Amino acid sequence: MTEEKSLNFIEEIVENDLSSGKYASIVTRFPPEPNGYLHIGHAKSICLNFGLALKYGGKTNLRFDDTNPVTEETEYVESIKDDIRWLGFKWANEFYASDYFDQLYEFAVKLIKKGLAYVDDSTSEEIAELKGTPTTSGKESPYRNRSVEENLKLYEEMKAGKFKDGEKVLRAKVDMAHVNMLMRDPIIYRIKHAHHHRTGDTWCIYPMYDFAHGQSDAIEKVSHSICTLEFVPHRDLYNWLIEKLEIYPSKQYEFARLNMTYTMMSKRKLLQLVNEKIVSGWDDPRMPTLVGARRRGYTPEAFRDFCDRIGVAKRDNLIDISLLEFCLREHLNKIALRRMVVFDPVKVVITNFPEGRTEMLPSENNPEDTNSGIRELPFSRVLFIEKDDFMENPAKKYFRLAPGQMVRLKSAYIIKCKNVVKDSAGNITELHCTYLPESKSGSDTSGLHVKGTIHWVNALTALPIEARLYDRLFTAEDMSAIEGDFKEHINPDSLKIQQVYAEPSLANASTGQSFQFLRMGYFCLDKDSSSEQLVFNRTVTLRDTWAKSVK
RNA sequence: UGUCCGAUGGUGUAAUGGUAGCACAGAAGAUUUUGGUUCUUUUAGUCAGGGUUCGAAUCCUUGUCGGACAACCA
């Protein structure tokens with residue numbers, strides 16, 4: 001059997017609840033607010049919530065927490081659904097907090113009737129003033145002791161649109177002296193004469209998060225309501241409302257959100273990058289959004305593996321982005337077809353190869369996958385190789401091409417450098433080489449062992465393509481620690497565009513398809529491609545131990 | 001100043017009173033028609049003090065450090 005993997009603290013809770021018979025099966029939910037695109041941090045939550053239900057035989061609802069019409073849009077709803085599907089998860093139900101507005105209204109009425117909620121006419125400032133501070137207790141509002149009848153009437157008038165935005169709020173009557181600020185008579189309904197993306201203009205009062213989230217959980221009979229650490233103080237209120245409303249007792253558990261090096265997860269700041277056109281959009285391949293990562297060439301398999309590896313705990317964390325890249329490379333290595341592309345070409349003339357002749361040479365599509373087959377590469381007298389793959393005065397342990405030295409051309413022949421041609425300025429323009437006909441790949445009888453193998457393309461048939469080379473968007477390791485304007489820490493070199501030369505088979509690539517450009521990295525075809533110009537995004541470089549040792 | 005949450009190699013995460021383990025990152029080597037992959041080996045850790053115990057990363061206590069909390073956001 002496979003090794004027993006240790007459980008995270010939430011799995012432990014679930015297993016205990018299941019074995020004790022507290023629940024026959026579990027219900028979780030993923031509750032995004034449709035006011036932005038999902039990012040990598042959400043992926044952790046999605047994998048956790050859906051993963052739990054999958055592992056323990058339960059179900060997961062997708063529920064949009066759409067209680068603030070001012071910031072929410074249908075565009076976001078669609079993108080969120082897309083991203084979850086892309087990650088590979090299926091929700092049992094698609095729900096909206098706005099589906100429950102009628103019921104939520106009735107819940108509030110019930111609270112009023114129990115004498116546990118009141119309409120407050122205080123201004124926002126007055127409410128804040130009376131709220132106290134974390135270290136000093138609050139004071140009661142002068143409107144706190146209105147009669148049930150008056151509250152009922154006022155609340156109904158709020159709903160009917162009799163008041164302007166901010167003129168009145170409905171507050172739960174808890175305890176203004178509570179050590180937990182959230183328990184100091186929290187606002188549960190506010191007036192917003194705003195168009196809602198689903199309910200239109202039906203409502204002009206909307207519940208606050210605390211009066212929607214737990215209630216929605218209860219309505220759906222969510223057994224384990226899993227959220228991030230910043231909601232810990234809300235748990236008191238969550239439980240208080242469930243108790244007073246006498247509804248299904250969902251339980252809230254909190255875990256530490258994902259933070260990653262050189263990355264920023266704040267939806268507000270990401271929106272800023274989009275609005276200020278610092279990036280091309282939510283799906284800019286440099287964005288930590290799921291759409292961005294997808295366009296960049298990240299795979300759902302890599303994300304799921306990553307989420308599995310980072311674990312779930314309650315301490316703040318800052319995950320090294322190299323772990324994500326490791327997961328990515330591991331997956332891409334298995335699935336990406338190999339192709340040869342020369343980025344910075346220097347011309348190689350094979351002086352003993354007949355002019356006008358083209359030979360087709362087979363090359364494996366992926367050495368890690370024997371089922372991936374081969375493709376044919378044209379080889380003739382004039383080729384391009386990478387400038388970096390030649391050194392006139394080779395460094396020690398450099399085993400690529402140098403004057404008088406031999407190197408293997410991948411899937412082709414061993415060549416030997418005979419002559420270096422330069423222009424008047426001393427720049428290398430051509431390398432004159434000879435090839436060893438008996439060293440042909442697959443039928444090599446030369447008996448020679450060369451240390452280096454390099455990639456190349458046939459000059460005549462080379463396909464010019466655009467390569468977009470991405471680097472991290474931010475320069476600071478811990479973006480949450482920076483003070484001042486985060487935009488001062490944007491990497492000016494996060495995108496470099498280069499015209500490069502590809503083997504002809506790349507003309508058949510389809511959008512989103514991943515390739516390994518030999519020795520250069522993983523790339524995928526971008527949607528910006530046209531028939532005249534193919535565009536490839538660099539997903540991630542290959543590990544490069546040589547570059548490291550040179551440095 | 002208060003309440004709550006947390007603290008294990010560089011980074012994550014296990015060990016649930018009984019050998020501090022795993023992964024990433026780093027280092028060294030082997031293999032390789034990708035300086036990729038793969039395979040070896042290796043560096044490095046329980047926040048501090050006190051207590052309970054035959055035995056403490058784990059329990060108690062004090063302290064230190066980090067985070068959260070004073071939106072009509074979620």
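Quick caveat: nothing in here was measured; it's all calculated off a predicted structure. Just the heavy atoms: all of them, side chains too, but no hydrogens, waters or symmetry mates, feed the values below. Chain naming here is simple, since letters A, B, ... match the order of the sequence lines and numbering starts at 1 in each.
Neither OP1 nor OP2 of G36(B) sits under 4.0 Å from any side-chain N or O of Arg519(A). Proximity of Thr545(A) to the phosphate of G36(B): a side-chain N or O atom is located under 4.0 Å from OP1 or OP2. Put simply, Arg339(A) has no side-chain N or O that comes within less than 4.0 Å of OP1 or OP2 on U34(B). When the side-chain nitrogen and oxygen atoms of Ser124(A) are compared with OP1 and OP2 of C72(B), one or more of them lie within a distance under 4.0 Å. The shortest distance between the side-chain N/O atoms of Thr67(A) and the OP1/OP2 oxygens of A74(B) is below 4.0 Å. Residue Lys314(A) places none of its side-chain N or O atoms closer than 4.0 Å to OP1 or OP2 of G67(B). Proximity of Arg309(A) to the phosphate of G12(B): no side-chain N or O atom is located under 4.0 Å from OP1 or OP2.
Pairing of C4(B), defined by two Watson-Crick or G-U wobble distances under 3.5 Å, is identified with G67(B). As the counterpart of U42(B), G26(B) is assigned, both hydrogen-bonding distances of the Watson-Crick or G-U wobble pattern falling under 3.5 Å. When both pairing distances are held under 3.5 Å, G21(B) makes a Watson-Crick or G-U pair with U13(B). A74(B) makes up no base pair with any nucleotide shown, lacking Watson-Crick or G-U wobble contacts both under 3.5 Å.
In the set G35(B), A70(B), C73(B), G35(B) carries the atom at the smallest distance from any side-chain atom of Tyr398(A). Listed nucleotides A14(B), G36(B), A74(B) differ in distance to Arg190(A); the shortest reach to its side chain belongs to A74(B). If you check C24(B), G36(B), C72(B) against the side chain of Phe326(A), the one that comes closest is C24(B).
Using modelled atom types, one finds no donor on one side chain facing an acceptor on the other under 3.5 Å when comparing Asp444(A) with Tyr413(A). Side-chain atoms of Glu75(A) and Tyr37(A) include a donor-acceptor pair closer than 3.5 Å. The closest side-chain donor-acceptor pair between Ser225(A) and Arg29(A) falls under 3.5 angstrom.
You'll find the ring centres of Phe303(A) and Tyr298(A) inside the 6.0 Å limit. Checked against a 6.0 Å centroid threshold, the rings of Phe9(A) and Tyr253(A) do not count as neighbours.
With rounding to whole Å, Asn8(A) atom CG is found 10 Å from A15(B) atom P. In this structure, the CG atom of Leu323(A) is 17 Å from the P atom of G10(B), given to the nearest Å. Rounded to whole Å, the distance from CG on Asn366(A) to C1' on U38(B) is 14 Å. The separation between His234(A) atom NE2 and A74(B) atom C1' is 8 Å, rounded to whole Å. The nearest whole Å value for the distance from the OH atom in Tyr238(A) to the C1' atom in C4(B) is 19 Å. Rounded to a whole Å, the OH atom of Tyr155(A) is 14 Å from the C1' atom of C72(B).
Separation of the C1' atoms belonging to U43(B) and U34(B) is 29 Å when rounded to the nearest angstrom.
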